[in-house]
Amino acid sequence: MQELATEIQVPLSLPKTSEDPELLRIRHSMSHVMAMAVQNLFPAAKVTIGPWTETGFYYDFDNPAPFTEADLKAIKKEMAKIIGRRLPLQRIEVTRAEAQAKIIANNEPYKLEILAGLQEPITIYTLGETWWDLCAGPHVENTGQLNAKAFELESVAGSYWRGDEKRAQLQRIYGTAWASAEQLAEYQRRKQEALRRDHRRIGKDLELFSIEDEAGAGLVFWHPRGARMRLLIEDYWRAAHFDAGYELLYTPHVADITLWKTSGHLDFYSESMFGPMQVDEREYQLKPMNCPFHVLTYANKLRSYRELPIRWAELGTVYRYERPGVMHGLMRVRGFTQDDAHIFCLPEQIGDEILKILDLTELILSTFDFTKYEINLSTRPLKSIGEDAAWELATNGLIEALNRKGWSYKIDEGGGAFYGPKIDLKIEDAIGRMWQCSTIQLDFNLPERFNLEYVAADGSRKQPIMIHRAIFGSLERFFGIMTENYAGDFPFWLAPEQLRLLPVTDEVMVYAETLQAELQSNGIRCTIDRSGERLAKLIRNGEQQKIPILAVIGSKEAEQNSLSLRSRRQGDMGTILKQDLLKAAKEANQLRRPDLTP
RNA sequence: GCCCUUGUAGCUCAGCGGUAGAGCACUCCCUUGGUAAGGGAGAGGUCACGAGUUCAAUUCUCGUCAAGGGCUCCA
């Protein structure tokens with residue numbers, strides 16, 4: 001069924017740079033052309049680096065004055081000129097001393113620093129008679145091979161030399177370049193499509209949520225429609241967790257700061273925490289994570305090995321300090337709810353537990369039509385705690401589970417947290433973007449710090465294995481991703497307003513009200529459009545608000561106790577008797593169907 | 001936090017050194033209309049906030065806050 005989509009008319013393919021050597025040369029050369037253009041127009045600009053990206057290229061400059069959007073136009077024009085001159089690009093091998101002499105002659109301090117880190121042979125690429133850049137290539141042979149109609153300068157942005165915010169502030173210019181004007185047009189069409197799907201746009205248009213200046217950045221207000229959807233998601237999540245053998249917890253939003261000292265967060269996480277607050281004689285801390293609370297709950301009494309595994313989940317709302325300027329719609333906020341869970345188990349249970357988590361993750365994500373995953377396994381970093389044997393056991397447990405699940409994965413050697421190895425899962429959305437949501441982490445740290453134990457079969461005290469895991473990651477973020485995935489066209493079971501009754505005249509209002517009451521009492525989210533506009537307008541409004549089912553009712557329908565249905569996904573569904581609609585809608589809700597009928 | 005851009009009606013946006021405009025939405029009136037915009041009238045703005053320059057600031061300058069695109073960081 002997933003295959004169908006690809007059969008419908010294949011659009012112009014847009015290869016990534018890393019998949020297409022020709023595009024790589026084009027983009028790499030284009031960044032040199034841009035650098036030359038910039039230095040022609042701004043002689044004081046110093047060059048730094050100018051790599052390709054998957055959709056284009058950028059170049060970072062150190063220029064006395066920042067570039068403005070207006071400068072981009074002039075730079076683009078200059079680039080077109082350079083392309084028109086069909087200047088050759090030539091690869092020249094030089095010695096370190098020669099390179100150094102050339103760089104010093106040009107007064108390019110950043111290049112000098114780059115040179116210091118290079119191995120011989122050192123290559124430079126010339127562009128025309130006078131301009132050149134330290135570069136490994138590859139490039140096109142001459143600028144005539146670049147298409148002046150297939151590139152665009154997209155934006156200016158600040159960046160830092162070597163990505164280090166303590167070092168020089170540079171000016172980055174982003175561009176995109178393609179082999180043909182048609183490809184550029186297709187790329188721009190896709191950018192438009194991403195804009196159309198933007199959850200911030202859809203969230204406003206469909207009245208799902210807002211972020212209010214007066215309350216502060218990064219704090220989400222869920223409006224009735226968004227809140228209803230969130231509730232549906234949460235209800236489903238809870239049911240799935242009970243089915244999978246979890247119990248649910250509720251824990252406080254604040255706790256005495258000593259708890260955060262014990263957990264270690266005050267030492268290694270304080271930069272991401274809201275400041276403490278004074279209450280009576282004690283200092284309290286708003287929670288940035290749920291784990292210490294679950295740990296305390298575990299430690300509340302002596303546990304037996306017979307109780308394990310313990311699986312505790314919570315939709316836990318946490319607050320984290322995010323630096324100004326990094327917030328982004330629902331994707332990056334300061335207050336959010338994690339679908340957090342902690343599993344306390346015996347060492348020999350790790351493999352089974354991880355596998356169960358993978359199964360539950362797949363079940364839940366696929367319910368929202370996320371069926372393509374990219375999995376990363378991160379192993380022990382250099383700086384870490386815990387014994388070798390524990391790391392090996394845990395890492396093997398993760399690998400064993402992935403193998404049993406039959407999922408392929410990449411290994412990120414040394415990419416784990418200092419307290420344990422982890423599995424990260426990225427999901428692919430409808431337009432091919434990858435998003436990281438789910439994560440499964442082993443933790444040797446907290447059980448140690450809180451002295452967690454259980455009584456083993458032989459009567460001795462042992463430390464349990466602790467697993468953190470989240471499937472959505474954060475409900476806010478997941479909601480944003482899901483909204484973009486569906487482009488606001490939510491499946492029937494999830495739509496905040498599932499069905500809207502459109503009365504053709506006021507005379508059928510009584511019938512409409514009877515219908516609404518009956519549908520609502522059967523758990524179907526249904527409204528009546530009382531605007532009094534003509535039918536065509538009612539339909540237009542309903543379609544714009546992406547209501548899954550619009551039900552036209554006039555005198556004919558009122559007489560027969562029926563409705564004329566118009567489905568957003570399935571088109572005209574003809575006239576249906578009330579009792580048949582009730583049955584179909586209830587079933588669709590129960591089975592979480594995308595449409596009224598399969 | 002840093003760089004660029006932006007902030008005018010609920011939304012999308014014009015405008016300008018002499019205190020404001022359009023379309024949609026909203027309210028009312030006419031229309032009772034059968035599958036993507038019927039017609040008319042009206043209401044609605046401390047031009048983000050705070051200073052400064054000026055006879056006069058929504059417009060110019062500076063600061064603050066927020067948003068957008070990035071950097072860094074991240075669920």
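Convention: sequence-line order gives letters A, B, ...; per-chain numbering from 1.
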Subject >> Interatomic distance at P, B/rU19 relative to B/rA57, whole Å >> reply: 11 Å
Subject >> Nucleotide nearest A/E322 (side chain, heavy atoms from C-beta), chosen from B/rA36, B/rG34, B/rC74 >> reply: B/rC74
**OP:** Using heavy atoms and a sub-4.0 Å distance, could you list which residues of residues 531-540 of chain A are near RNA chain B? By number, please.
**Re:** A/G532, A/E533, A/R534, A/L535, A/A536, A/K537, A/I539, A/R540
Original post:
Are A/K578 and A/E557 within salt-bridge range, i.e. N to O under 4.0 Å?
Top reply: no
Original post:
Quick one: does A/E507 reach the base of B/rG33 with a side-chain donor-acceptor pair under 3.5 Å?
Top reply: no
**OP:** Write down the partner of B/rG7 under the Watson-Crick or G-U wobble criteria, each distance required to be under 3.5 Å.
**Re:** B/rC65
Original post:
Roughly how far apart, to the nearest Å, are B/rG50 and B/rC65 at atom C1'?
Top reply: 10 Å
Original post:
Does anything in residues 202-214 of chain A reach RNA chain B, meaning a heavy atom under 4.0 Å, and if so which residues?
Top reply: A/K204, A/D213
**OP:** Return the value, rounded to whole Å, for the distance between atom CG of A/L72 and atom C1' of B/rG70.
**Re:** 13 Å
Subject >> Lys/Arg N to Asp/Glu carboxylate O, A/E113 vs A/R162, below 4.0 Å >> reply: yes
Subject >> Rounded interatomic separation in angstrom, taking OH from A/Y58 and P from B/rG69 >> reply: 18 Å
Subject >> Interatomic distance at C1', B/rA43 relative to B/rA48, whole Å >> reply: 24 Å
**OP:** Describe the nucleic acid contact of A/G163 in one word from base, sugar-phosphate, nothing, applying a heavy-atom distance below 4.0 Å.
**Re:** sugar-phosphate
Subject >> Nearest listed nucleotide, side chain of A/V552, among B/rU35, B/rA66, B/rA36 >> reply: B/rU35
Subject >> B/rC13 to B/rC49 separation - C1' atoms, rounded to the nearest Å >> reply: 22 Å
Original post:
Quick one: is A/R200 getting a side-chain N or O under 4.0 Å of the B/rG69 phosphate, OP1 or OP2?
Top reply: yes
**OP:** Please tell me which of the listed nucleotides, B/rG70, B/rG34, B/rC71, lies nearest to the side chain of A/V326?
**Re:** B/rC71
Original post:
Testing A/W260, A/Y419, A/F418 for ring pair (Phe, Tyr, Trp, His ring centres under 6.0 Å) with A/F268, which one passes?
Top reply: A/F418
Original post:
5'-most contact on RNA chain B: A/T505 or A/R172, nearest heavy atom basis?
Top reply: A/T505
Subject >> Salt bridge A/K422-A/D424, side-chain N to carboxylate O under 4.0 Å >> reply: yes
Original post:
What interatomic distance, in whole Å, is found between P of B/rG21 and the corresponding atom of B/rC47?
Top reply: 14 Å
**OP:** Report which part of the nucleic acid A/S474 touches: base, sugar-phosphate, or nothing (heavy-atom distance under 4.0 Å, all strands).
**Re:** base
**OP:** Report which part of the nucleic acid A/E543 touches: base, sugar-phosphate, or nothing (heavy-atom distance under 4.0 Å, all strands).
**Re:** base
Subject >> With A/F479, the ring pair (Phe, Tyr, Trp, His ring centres under 6.0 Å) member among A/W222, A/F472, A/F336 >> reply: A/W222
Original post:
Out of B/rU32, B/rC71, B/rC73, which nucleotide sits closest to the side chain of A/Y160?
Top reply: B/rC71
Original post:
Rounded to the nearest Å, what distance is computed from the CD atom of residue A/E559 to the P atom of nucleotide B/rG34?
Top reply: 16 Å
Subject >> Among B/rA36, B/rA75, B/rG69, the nucleotide that comes nearest once only the side chain of A/A157 is considered >> reply: B/rG69
**OP:** Look at A/E533 together with A/R540 and state whether they make a salt bridge at an N to O cut-off of under 4.0 Å.
**Re:** no
Original post:
What interatomic distance, in whole Å, is found between C1' of B/rU5 and the corresponding atom of B/rA9?
Top reply: 23 Å
**OP:** Measure the distance from CD1 on A/I49 to P on B/rC71 and round it to the nearest whole Å.
**Re:** 12 Å
Original post:
Do A/R189 and A/E186 meet the salt-bridge criterion of a basic N to acidic O distance under 4.0 Å?
Top reply: yes
Subject >> Pairwise P distance, B/rG63 and B/rC71 [rounded to whole Å] >> reply: 25 Å
**OP:** Under a 3.5 Å limit for both distances, which nucleotide forms a Watson-Crick or G-U wobble pair with B/rG33, could you say?
**Re:** none
Subject >> Residues A/R27 and A/E54 bridged, charged N to O under 4.0 Å >> reply: no
**OP:** Ignoring backbone atoms, test whether A/H328 places a side-chain nitrogen or oxygen under 4.0 Å from the OP1 or OP2 oxygen of B/rG69.
**Re:** yes
Original post:
Just wondering, do A/M482 and A/F490 contact through their side chains at under 4.5 Å, heavy atoms?
Top reply: yes
**OP:** Would you mind reporting whether A/M331 and A/H199 have side-chain heavy atoms less than 4.5 Å apart?
**Re:** yes
Original post:
Does B/rC71 have a Watson-Crick or wobble mate here (both distances under 3.5 Å), and if so which one?
Top reply: B/rG1
**OP:** Provide, to the nearest angstrom, the distance between the OH atom belonging to A/Y174 and the P atom belonging to B/rG69.
**Re:** 13 Å
**OP:** Would you mind classifying the nucleic acid contact of A/V318 as base, sugar-phosphate or nothing, using non-hydrogen atoms under 4.0 angstrom?
**Re:** nothing
**OP:** Check the distance between B/rU12's P and A/Q544's CD and give it to me in whole angstrom.
**Re:** 15 Å
Original post:
Atom CG of A/D529 to atom C1' of B/rA37: distance rounded to whole Å?
Top reply: 13 Å
Subject >> Salt bridge A/E559-A/K556, side-chain N to carboxylate O under 4.0 Å >> reply: no
Original post:
Taking the nucleotide of RNA chain B with the closest heavy atom to each, which residue, A/R201 or A/S272, is nearer the 5' end?
Top reply: A/R201
Subject >> A/R323, nearest nucleotide to its side chain (from B/rG34, B/rU72, B/rG70) >> reply: B/rU72
Original post:
Are A/D60 and A/R172 close enough for a salt bridge, meaning some N to O gap below 4.0 Å?
Top reply: yes
**OP:** Using a strict 4.0 Å threshold on nitrogen-to-oxygen distance, state whether A/R433 and A/E484 make a salt bridge.
**Re:** yes
Original post:
Just how far, in rounded Å, is C1' of B/rG70 from CZ of A/F67?
Top reply: 15 Å
**OP:** Pick the P atom in B/rC24 and in B/rG39, then give their distance to the nearest Å.
**Re:** 9 Å
Subject >> Identified pairing partner of B/rU59, criterion: Watson-Crick or G-U wobble below 3.5 Å >> reply: none
Original post:
So, are A/R569 and A/D489 salt-bridged, with charged N and O less than 4.0 Å apart?
Top reply: no
**OP:** Could you list by number each residue of residues 426-441 of chain A showing a heavy-atom separation from RNA chain B of less than 4.0 Å, or answer none if no residue does?
**Re:** A/Q436
Subject >> Identified pairing partner of B/rU27, criterion: Watson-Crick or G-U wobble below 3.5 Å >> reply: B/rA41
**OP:** Flag the pair A/E193 and A/R190 as a salt bridge only when some basic side-chain nitrogen lies within less than 4.0 angstrom of an acidic carboxylate oxygen.
**Re:** no
Subject >> For B/rA22, the Watson-Crick or wobble counterpart (both distances under 3.5 Å) >> reply: B/rU12
